Q: 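Would you mind keeping the following structure in view while I ask a few things?
Bear in mind that the values here come from a model prediction, so they are computed numbers and not experimental data. Order of appearance sets the numbers: ligands from 1, and atoms from 1 within every ligand. When reading the values below, keep in mind they use all heavy atoms of this one structure, side chains included, and skip hydrogens, waters and symmetry mates.
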Amino acid sequence: MELTRRQLLAIGGAAGAGVVIPAWLRSTIANSGPEFFPARNESLAYRKNLESFVPSVCQECTGGCMLKVRVIDGDAVGVSGHPTHPVTRGAVCPKGPASLQALYHPDRIPQPMLRVGQRGEGQWKFITWDEAIKKVAHQLQDLRHREKPHTVTVLDGSRAGLTRTLLERFAAAYGTPNYVHFNWTMGEYPVDAFRAMQDTEELAYDLTNARYVLSFGMDWLQCFPSPIEASRSYGLIRQGREGQRGRIVQIESRLSLTGGKADEWIPVNPETEGLLALGVAHVILKENRFDRGFTSSRTTGFDEWSRIVAQEYPPDRVEKATGVPQETIIRVAREFASNRPALALSERVSFFNQLAVHALNALAGNIGLPGGVLAANTPEAGTLPSFDPDPVARRGGGRPRVDGAGTTFTLASDAPQQLPENLLAKKPYPVNTLVVSNCNPLFASPNPKRWKDALAEVPSIVSFSPFMDETAAYADLIVPDHTPLESWQDAPSVTLGGERVVGMAKPAVIPVCRTRQAADVLLKVSHLLGGSVGAAFPWANFDTLLKECAQQAHASGHAKPLMLDPAEEPSDEALSIEDFWEVVTAGGGWTLPAEPQRQQTRFNFRPDFVRSPIANQKANIADSFPLRLCLFTPLAFSHADGAHLPYLNSIAGPQLDERWETWAGFNPETARSHGIANGDEVWVESPAGRVRAKARWYQGAMPGLVNMPCGLGHAAHGRWAKGVGSNPMELVEKLLDPVTGQPDWQSQRVRVYRV
Ligand code: SF4
């Protein structure tokens with residue numbers, strides 16, 4: 001259900017007429033509250049039907065798309081893609097317009113709230129911003145005085161940008177090693193392989209110039225760093241180059257949206273994509289089809305890696321493990337080696353699978369070449385001055401991390417899904433305060449109940465969430481952030497072709513509630529802490545920092561302002577810094593010259609990880625749980641988020657025309673053998689629990705699997721999410737990759753029966 005403009009005005013008018021708090025809060029608030037939509041009422045007095053278009057940034061995924069927002073009399077009423085932004089080029093995916101529903105959502109948290117009942121019981125009282133900020137600062141100051149700054153953990157899911165930079169900087173200046181990035185691996189680049197093999201995460205697949213795209217399970221049209229750019233690349237691969245139609249081959253156990261648009265779908269047993277990649281590599285090596293010049297001069301570890309691949313991954317053995325006929329393996333290997341530039345794509349699955357797939361790119365000599373894997377350095381909006389942590393911060397920052405990144409998980413930079421066990425065990429030390437920003441671990445985690453048990457051991461939880469999601473509902477203090485259209489924003493990006501852009505935007509509208517931008521709250525807290533912490537944050541507020549970055553860009557002489565109107569060209573005349581600031585905030589940021597592809601470090605084949613890891617640790621339960629669970633995230637729910645917005649709920653399952661409920665996709669043969677008809681209500685059960693779903697027969701599912709979408713099944717998160725569908729992540733027992741610390745979503749065994 002979508003709120004109409006008339007309904008929105010009615011809500012605003014009702015607030016002005018004396019409704020002091022939204023209905024959902026009335027029974028849970030211990031004191032009188034503010035007017036809902038307070039600031040908006042002031043704007044209503046000045047209605048003159050004035051229309052304007054302003055830039056903003058979509059924060060619904062990591063794409064960083066710049067938006068063009070239509071504003072009438074202070075109300076945002078429409079959203080489209082920024083026409084000249086190099087990533088967006090006038091387009092947005094369906095999540096972009098949904099940012100309007102986030103802005104006007106009737107279940108937003110209107111101002112800071114302090115828990116008054118038992119944790120998770122839902123009893124709150126409103127407090128002022130002054131009280132909230134002082135409370136946080138006092139608590140943090142106390143921990144520093146007691147030499148315990150390291151017992152603060154910041155759990156943050158922000159994409160690249162200055163808000164994330166400030167949170168990391170705060171952790172370092174305050175004195176904790178525990179800035180933990182909460183990521184979502186489905187659809188993420190295989191950054192662990194990039195780092196291990198090429199010593200950088202800053203790489204991109206140059207799809208636009210590839211002739212052959214071999215994707216091992218990456219549904220790249222839906223979840224690439226920017227689905228917008230991926231879709232544009234798809235068009236170019238297929239029809240954009242004269243006389244050259246690229247070929248797209250999709251290898252996956254569930255036919256995804258990308259698979260449906262590919263030239264060929266090759267079904268493969270789940271989690272065996274790496275074995276298949278090494279089978280392909282075996283054929284390329286055996287038939288001497290690899291790039292000998294590249295492997296001999298610009299790689300390390302090749303001899304040992306190729307010896308192991310030749311010994312251990314012949315196509316007949318790979319066929320047994322993967323279910324892919326050896327004739328297909330041989331044919332794909334020949335196609336991949338002879339259609340250059342060819343790209344092998346993977347997402348952030350197991351370390352073994354990531355490495356195996358990425359090695360194919362080196363075997364074909366596609367590293368650093370157009371149509372291959374290119375360096376893609378995301379620009380910074382600006383350079384922040386260095387700061388000098390005091391001795392308390394240095395001692396605290398030198399303590400081991402609570403998530404085990406870098407110790408338990410040797411190659412991990414962050415391992416958020418290890419936190420619950422370590423919090424519970426108080427290992428390596430107890431955590432006193434958890435600050436949660438831009439993530440919802442009590443929902444988007446394997447067996448999320450683990451988090452609830454663990455958070456009971458944390459004395460204080462502070463949430464920046466603008467919505468009462470599962471994690472916010474379990475917090476002690478909520479300091480609600482603005483939604484993106486109300487915020488100052490920066491969005492640095494690099495296109496697949498290497499164009500660099502820094503998106504920047506003023507708030508598109510005045511805040512709808514009495515929320516505050518999280519970055520501003522962080523600055524205020526830092527200033528109250530004072531000393532070296534305060535000194536590390538010399539900006540009065542976030543827009544001061546953005547302006548300072550714009551000044552740096554202006555001084556560089558290389559920044560070219562973006563224009564919101566494609567008919568306008570940026571002036572050739574030198575702009576004063578004030579004019580530059582006006583132009584870039586009105587236009588949405590600036591572009592920077594592409595960096596030349598630099599010589600990359602030697603590619604490391606990592607022969608130390610080419611032997612297949614021990615088979616699925618849960619194989620011993622295969623008899624009682626005969627099916628395998630395969631989770632995926634539809635575009636509408638990328639990052640397992642979005643179900644609180646009704647528009648996204650309505651477009652969640654285009655392939656099966658499903659919406660507003662959780663479905664379980666079965667191959668018809670599998671469904672019949674379990675006595676399940678198309679449309680039956682079923683229980684899907686694992687040792688971790690059971691969830692209810694609507695059974696759907698799907699020819700694009702391999703036999704023996706149950707495919708379920710992540711995103712629905714909230715126990716909180718507003719009226720349109722709470723109680724709708726089931727959360728299949730509750731079925732997944734925690735199993736982390738021993739090297740990267742990232743969760744294994746695809747190895748869970750389940751059984752299924754009719755309700
Ligand atoms: S791809 Fe879609 S969800 Fe992601 S930033 Fe762009 S518009 Fe938003």
Side-chain angles (χ1 to χ4, degrees), residues 54-70 76 78-103 105 157-161 163-164 183-189 204-205 207 218-235 256-258 347 378 438-440 444 466 482-487 489-496 499 501-505 508 562 564 588-589 632-652 654 709-711:
V54 293
S56 190
V57 181
C58 175
Q59 301 280 3
E60 298 295 329
C61 86
T62 52
C65 291
M66 284 302 289
L67 306 175
K68 179 179 176 182
V69 184
R70 183 175 180 225
V79 164
S80 56
H82 189 298
T84 65
H85 187 271
V87 173
T88 315
R89 292 196 199 288
V92 277
C93 85
K95 293 192 91 169
S99 54
L100 285 174
Q101 292 191 330
L103 172 68
H105 201 298
S158 306
R159 68 180 299 277
T163 300
R164 178 171 168 180
N183 60 318
W184 180 253
T185 53
M186 292 185 215
E188 206 178 349
Y189 263 150
Y205 294 133
L207 282 167
M218 187 186 215
D219 183 8
W220 53 272
L221 278 173
Q222 289 210 82
C223 60
F224 212 65
S226 165
I228 303 296
E229 223 190 340
S231 299
R232 204 160 41 239
S233 298
Y234 175 83
S256 66
L257 195 125
T258 308
E347 58 182 9
T378 306
N438 253 312
C439 59
N440 185 10
H482 290 332
T483 63
L485 296 184
E486 300 160 307
S487 304
Q489 298 185 84
D490 68 306
S493 306
V494 59
T495 67
L496 299 179
E499 285 177 273
V501 58
V502 176
M504 194 162 279
L562 285 170
L564 199 54
F632 64 99
T633 35
L635 177 62
F637 298 150
S638 55
H639 301 250
D641 189 27
H644 59 303
L645 306 177
Y647 168 50
L648 297 179
N649 236 323
S650 300
I651 58 165
C710 296

Q: May I ask you to decide if Leu221's main-chain N or O and Thr258's side chain share a donor-acceptor pair within less than 3.5 Å?
A: yes
Q: Can you find a side-chain donor-acceptor pair between Glu347 and Thr185 that sits under 3.5 Å?
A: no
Q: Between the side chains of Glu486 and Thr483, does any donor sit under 3.5 Å from an acceptor?
A: yes
Q: Per the salt bridge (charged side-chain N to carboxylate O under 4.0 Å, His left out) rule, what does the pair list look like for residues 639-650, sequence neighbours excluded?
A: none
Q: How many angstroms lie between atom SG of Cys61 and atom CD of Gln222, to the nearest 0.5 angstrom?
A: 11.5 Å
Q: Please identify which atoms of ligand 1 are closer than 4.0 Å to at least one heavy atom of Gly64.
A: 5 (S)
Q: Please work out which of the three classes, parallel, tilted or perpendicular, describes the rings of Tyr189 and Tyr205, given edges at 30° and 60°.
A: perpendicular
Q: Provide the tally of protein N/O/S atoms nearer than 2.8 Å to atom 2 (Fe) of ligand 1.
A: 1
